Chemist: 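Can you keep this structure in mind? I'll have questions shortly.
Predicted model, so just to flag it, every value in this text is computed and none were measured. For this chain, numbers begin at 1 and follow the sequence in order.
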Amino acid sequence: MAEASFEQARQTFDRFLTSAQQAAGSFEERGTTVRAGAKDISSKAILYAEKNVQASLDFAQSLLKAKDLTEVMRLHSEYVQGQMRSLAEQASEMGQIVSRAAMEAAKPKN
């Protein structure tokens, strides 16, 4: 009777270890997925920053060539409108990337 109880305890412990190992593997896979999503987000953010800085430098250069106040105002209006469009596009794309990364991280792993 004691041997049967011991064997049952050993089997239960083995099942527990197997489950724990599977859970640890799942956590590692999720960590990899989360890191990949974070890498996509950060690389996109850097790309956006580069584009925005370049747009600002281009705007500054165009201001240096402006002939009068009317041209300065037109350039400013064009720059602001362009930046607003760019910001809307960037926010939309970043939202899609974050959403995709969250969905990937939440997917059940087999």
Chemist: Is it true that Val80 and Phe59 fall in one hydrophobic cluster, defined by side-chain heavy atoms closer than 4.5 Å?
Modeler: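 As far as the 4.5 Å side-chain criterion goes, Phe59 and Val80 are connected within one cluster.
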Chemist: Would you say Val72 and Lys67 make side-chain contact, with heavy atoms under 4.5 Å?
Modeler: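 Side-chain contact under 4.5 Å: no.
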Chemist: Can you tell me how far the CD atom of Gln83 sits from the CD atom of Glu78, to the nearest 0.5 Å?
Modeler: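 Gln83 CD to Glu78 CD: 12.5 Å, rounded to 0.5 Å.
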Chemist: Ion pair present between Glu89 and Arg85, side-chain N to carboxylate O less than 4.0 angstrom?
Modeler: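 Judged by the 4.0 Å cut-off on N to carboxylate O distance, Glu89 and Arg85 do not form a salt bridge.
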Chemist: May I ask you to check whether Tyr79 and Ser62 show a side-chain donor-acceptor distance below 3.5 Å?
Modeler: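 Judged by distance alone, the side chains do not pair up.
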Chemist: Taking it one step at a time, do Asp40 and Arg100 satisfy side chain to side chain contact (heavy atoms under 4.5 Å, CB included)?
Modeler: CA-CA 10 Å; Asp40 288 347; Arg100 200 169 34 246; over 6 Å; no
Chemist: Could you tell me whether the side chain of Ser56 and the main chain of Asn52 form a donor-acceptor pair under 3.5 Å?
Modeler: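 It does hold such a pair.
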Chemist: Tell me whether Met84 is reachable from Leu75 by hopping between hydrophobic residues (I, L, V, M, F, W, Y) whose side-chain heavy atoms are closer than 4.5 Å.
Modeler: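 They do share one cluster, since a chain of ILVMFWY contacts under 4.5 Å joins Leu75 to Met84.
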Chemist: Enter the distance from Asp68:CG to Arg74:CZ here, rounded to the nearest 0.5 Å.
Modeler: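 Spacing of CG (Asp68) from CZ (Arg74) equals 9.5 Å.
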Chemist: When rounded to the nearest 0.5 angstrom, what is the spacing between NZ in Lys44 and CD in Glu93?
Modeler: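 The NZ atom of Lys44 sits 4.0 Å away from the CD atom of Glu93.
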Chemist: Could you measure the distance from the CD1 atom of Ile97 to the OG atom of Ser43? Nearest 0.5 Å is fine.
Modeler: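 It comes to 7.0 Å.
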Chemist: By ring pair (Phe, Tyr, Trp, His ring centres under 6.0 Å), which residues pair with Tyr48, not counting sequence neighbours?
Modeler: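 Counting only residues at least two positions away or on another chain, Tyr48 forms no ring pair (Phe, Tyr, Trp, His ring centres under 6.0 Å).
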Chemist: Just jot down the side chain to side chain donor-acceptor pair (under 3.5 Å) partners of Lys51, sequence neighbours excluded, or say none.
Modeler: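 Applying side chain to side chain donor-acceptor pair (under 3.5 Å) to Lys51 gives none.
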